[in-house]
Number of protein chains: 2
Amino acid sequence: MSDLAVQLPETNRRLDAIDRKILMVLQDDASLSVAEIGDRVGLSSTPCWKRIQRLEADGVILKRVALVDQNKIGLGISVFVSVESSDHSDAWLKKFAEAVSAMPEVMEFYRMAGDVDYMLRVVVADMQSYDVFYKKLISAVPLKNVTSRFAMEKIKSVTALPIPAVVAA
Amino acid sequence: MSDLAVQLPETNRRLDAIDRKILMVLQDDASLSVAEIGDRVGLSSTPCWKRIQRLEADGVILKRVALVDQNKIGLGISVFVSVESSDHSDAWLKKFAEAVSAMPEVMEFYRMAGDVDYMLRVVVADMQSYDVFYKKLISAVPLKNVTSRFAMEKIKSVTALPIPAVVAA
DNA sequence: CTCATTTTGAGAAACTTTTTCCATTCTGAG
DNA sequence: CTCAGAATGGAAAAAGTTTCTCAAAATGAG
């Protein structure tokens, strides 16, 4: 065996039109039975079940979750936080990434290109909680500039990715 | 019946510690059986099932979905878009909200307080697709200023809200 | 304490998922 | 074209889960 290629446990077939349909259905409603999904994508339950298993094994489907209403549990405030740093070392980033990732209020955290170095979406109950979070953030690692922008109204929020149509070969 | 209060179909009891635990578990893994969830929150399956049913009926649990890996389906680019408008009329907002909500690339869309009027998180396959999206956005309604910030690295992204501990009465 | 109300849990019925096994379709070498 | 081998599809049975029914236990107002 001189081949260097690692034998992956995944089936690395490209996603066909039916796989994409299954993903669209499951991104919208993961409580459907396999038979119902099969109906919608034009498959009986066994092959549909096998495709879903493969999509999970291949990591295309990451997990199944319940989505909770932010307001019903008293989390009224969403804040977009832009961060600029003067330290661009690996060590600084590692420490910052670890500290921020551990904060449950942070729902999204990206390293950016351009004027802003990092971007966070933070969810808290009220202004007082935001202040607690803010102090925690600025005391975690040295930061050059932090800008907080508060959301007044959530107009759209989805978890379903826009699955691209199959590209013709 | 002179009472003006509408009889809601919901049970409007406040969430207790067990309800919150159930929500934490389901936000992380909605593929667990009711018996397994019951075990984790200290309940047998029937009462656990009833609480989940109530949380769904009350709209605390909005839906159950599958989360898909953005990169595995070829959606490599995340963009945060800040929008400023010069028109602040209801009619303009209605048109803008409808146009943007209908765009599948837009995963989040908030009306903001402060310098930026709107904030969008957009997901696309490549720069060419972003340009198509951008042109679609600026041609939908008149906009004063649009700033696109590109994500280089997704450091954290979760759908699980930080469920606050029960406040002592 | 007593009663009405709410919450809980055991078990049975209905339904779903998962497995087994076989038929069909597709692919590419000869 | 023709065939072997692989991949995909499907029916039906087995295993597991959800959902429902009913009665016991807990709670709390009077």
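Any value given below was found using the heavy atoms of this structure, including those in side chains, with hydrogens, waters and symmetry copies removed. We name chains A, B, ... by the order of the sequence lines, and we start the count at 1 in each one.
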S.K.: Would you kindly confirm whether Ile52(A) and Leu161(A) end up in one hydrophobic cluster when ILVMFWY residues are joined by side chain heavy atoms under 4.5 Å apart?
M.R.: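 Cluster IDs for Ile52(A) and Leu161(A) match.
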S.K.: Expressed as a whole number of angstroms, how long is the span from Asp16(A):CG to dT25(C):P?
M.R.: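 My rounded result for the distance is 17 Å.
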S.K.: When the distance from CG of Asp19(B) to C1' of dT6(C) is rounded to whole Å, what number comes out?
M.R.: 14 Å
S.K.: Quick one: Leu32(A) CG to dT18(D) C1', roughly how many Å, whole number?
M.R.: 15 Å
S.K.: Would a hydrophobic clustering, with Ile, Leu, Val, Met, Phe, Trp and Tyr connected at side-chain separations under 4.5 Å, put Val123(A) with Ile77(A)?
M.R.: no
S.K.: What is the distance from NZ of Lys50(A) to P of dT17(C), rounded to the nearest Å?
M.R.: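 Value for this atom pair: 16 Å.
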S.K.: Is there a donor N/O on one and an acceptor N/O on the other, under 3.5 Å, for the side chain of Thr46(A) and the base of dT19(C)?
M.R.: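 Such a pair is found, so the answer is yes.
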S.K.: Would you kindly give the CD1-to-P distance between Ile52(B) and dT7(C), to the nearest whole Å?
M.R.: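 The distance from CD1 of Ile52(B) to P of dT7(C) comes to 16 Å, rounded to the nearest Å.
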S.K.: Atom CD of Glu36(A) and atom P of dT16(C): how far apart are they, to the nearest Å?
M.R.: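 After rounding, the gap between these two atoms is 10 Å.
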S.K.: Roughly, in whole Å, what's the span from CG in Asp29(B) to C1' in dT17(D)?
M.R.: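 The answer, rounded to whole Å, is 15 Å.
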S.K.: With the side chain of Ser33(B) defined as its heavy atoms from C-beta on, choose the nearest nucleotide among dT8(C), dT17(D), dG9(D).
M.R.: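 Nearest nucleotide to the side chain: dT17(D).
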S.K.: Of all the choices, dT18(D), dG9(D), dT17(C), which nucleotide is nearest to the side chain of Val34(A) once you look at every atom?
M.R.: dT17(C)
S.K.: Give the nucleotide from the list dT19(D), dG9(C), dG10(D) with an atom nearest to the side chain of Gln53(B).
M.R.: dT19(D)
S.K.: Before accepting this row, confirm whether a basic side-chain N of the pair Asp90(B)/Lys94(B) lies closer than 4.0 Å to the acidic partner's carboxylate O.
M.R.: no
S.K.: Please report the distance, rounded to the nearest Å, between CG in Leu43(A) and C1' in dA11(D).
M.R.: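 Taking CG of Leu43(A) and C1' of dA11(D), I get 14 Å after rounding.
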S.K.: Looking at Trp49(B), I'd like to know whether one of its side-chain N or O atoms comes within less than 4.0 Å of OP1 or OP2 on dT19(D).
M.R.: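 For Trp49(B), the contact criterion (side-chain N or O under 4.0 Å from OP1 or OP2 of dT19(D)) is met.
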S.K.: When you match Ser45(A) and Ser44(B) each to their closest nucleotide on DNA chain C, which lands nearer the 5' end?
M.R.: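 Of the two residues, Ser44(B) wins.
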S.K.: Shortest non-hydrogen contact from Gln27(B) to Thr159(B)?
M.R.: OE1-O, 3.8 Å
S.K.: Side-chain N or O of Arg54(A) less than 4.0 angstrom from OP1 or OP2 on dT8(D)?
M.R.: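 Checking Arg54(A) against dT8(D): at least one side-chain N or O falls below 4.0 Å of OP1 or OP2.
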S.K.: For residues Val81(A) and Leu93(A): do they belong to one hydrophobic cluster (side chain heavy atoms under 4.5 Å, members Ile, Leu, Val, Met, Phe, Trp, Tyr)?
M.R.: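 Hydrophobic grouping puts Val81(A) with Leu93(A).
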